[in-house]
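Report on the following structure.
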Amino acid sequence: DPHGGAAHPNDAAIMVEEPPWGSETETSYIIPRGDTLVVGGTYLEGDAEENVRQEERERLIKNAWTLGINTENVEPKDEWVGFRPSRPTTRLEVDESVGKNSG
């Protein structure tokens with residue numbers, strides 16, 4: 001077997017919690033990335049500001065504290081703004097070329 005033997009089960013558990021961690025309008029999450037934790041987030045509809053504002057920074061620090069990070073003993077390593085496209089309604093397009101024989 002090129003993959004090192006028969007497969008065996010490994011337990012991996014997740015848990016979903018309700019607020020106070022966050023809500024649809026005030027998201028709050030942690031993403032582990034190696035030796036770093038990414039703490040999010042803020043969501044400002046229709047906003048195109050390219051820099052993290054002070055009030056957003058304060059919200060992220062509050063999120064970190066709420067999620068169990070002692071913000072008095074750590075300094076942020078980096079910060080950034082990401083843009084996500086959105087529409088007021090869902091758009092669905094059919095790709096007519098999928099599954100057709102090209103010849």
Side-chain angles (χ1 to χ4, degrees):
D1 180 352
H3 302 291
H8 59 278
N10 293 300
D11 186 308
I14 61 172
M15 179 174 62
V16 177
E17 287 287 342
E18 297 294 328
W21 321 120
S23 67
E24 286 187 24
T25 58
E26 291 192 2
T27 59
S28 184
Y29 57 85
I30 295 176
I31 302 171
R33 287 194 179 159
D35 64 348
T36 301
L37 292 175
V38 176
V39 177
T42 63
Y43 175 78
L44 301 170
E45 190 167 339
D47 190 354
E49 174 59 45
E50 295 181 6
N51 299 298
V52 177
R53 293 183 182 95
Q54 182 61 32
E55 61 266 21
E56 291 174 298
R57 187 175 297 107
E58 291 169 4
R59 169 76 181 150
L60 294 170
I61 291 169
K62 177 184 171 198
N63 286 356
W65 179 261
T66 300
L67 293 166
I69 297 171
N70 186 345
T71 55
E72 295 175 4
N73 293 332
V74 296
E75 288 293 321
K77 291 170 74 174
D78 197 3
E79 63 183 28
W80 63 88
V81 172
F83 296 104
R84 283 144 185 88
S86 66
R87 291 187 173 85
T89 60
T90 302
R91 184 175 86 183
L92 176 63
E93 298 175 359
V94 176
D95 186 344
E96 299 290 340
S97 69
V98 174
K100 291 188 177 181
N101 187 348
S102 61

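For the single chain, residues carry numbers from 1 onward in sequence order.
- Note that the CG atom of Asn51 and the CZ atom of Arg57 stand 9.0 Å from one another [nearest 0.5 Å].
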Apply the test side chain to side chain contact (heavy atoms under 4.5 Å, CB included) to residues Lys62 and Val39: give CA-CA distance (whole Å), side-chain angles for both, the deciding distance (0.1 Å), then the verdict. CA-CA 10 Å; Lys62 177 184 171 198; Val39 177; over 6 Å; no
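- Hydrophobic cluster membership of Val81, counting Ile, Leu, Val, Met, Phe, Trp and Tyr whose side-chain heavy atoms lie under 4.5 Å apart directly or via other members: Val52, Phe83.
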Take Leu44 and Glu56 through the test side chain to side chain contact (heavy atoms under 4.5 Å, CB included) and record every step on the way to the result. CA-CA 10 Å; Leu44 301 170; Glu56 291 174 298; 3.3 Å; yes
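- Scanning both residues, Pro32 and Leu37, for their nearest heavy atoms gives CA-CD2, 3.8 Å.
- Residues Tyr29, Ile31, Trp80 make up the rest of the hydrophobic cluster containing Val38, defined by ILVMFWY side-chain heavy atoms closer than 4.5 Å, directly or through other members.
- Hydrophobic clustering (side-chain heavy atoms under 4.5 Å, transitive across Ile, Leu, Val, Met, Phe, Trp, Tyr) groups Leu67 together with Ile69.
- More than 12 heavy atoms of other shown residues, nucleotides or ligands fall within 6.0 angstrom of atom CD in Glu49.
- Between Arg91 and Glu93 a salt bridge is recorded (basic side-chain N to carboxylate O distance below 4.0 Å).
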After noting the C-alpha distance and the side-chain angles of Asn63 and Ile30, does the key distance pass the side chain to side chain contact (heavy atoms under 4.5 Å, CB included) rule? CA-CA 9 Å; Asn63 286 356; Ile30 295 176; over 6 Å; no
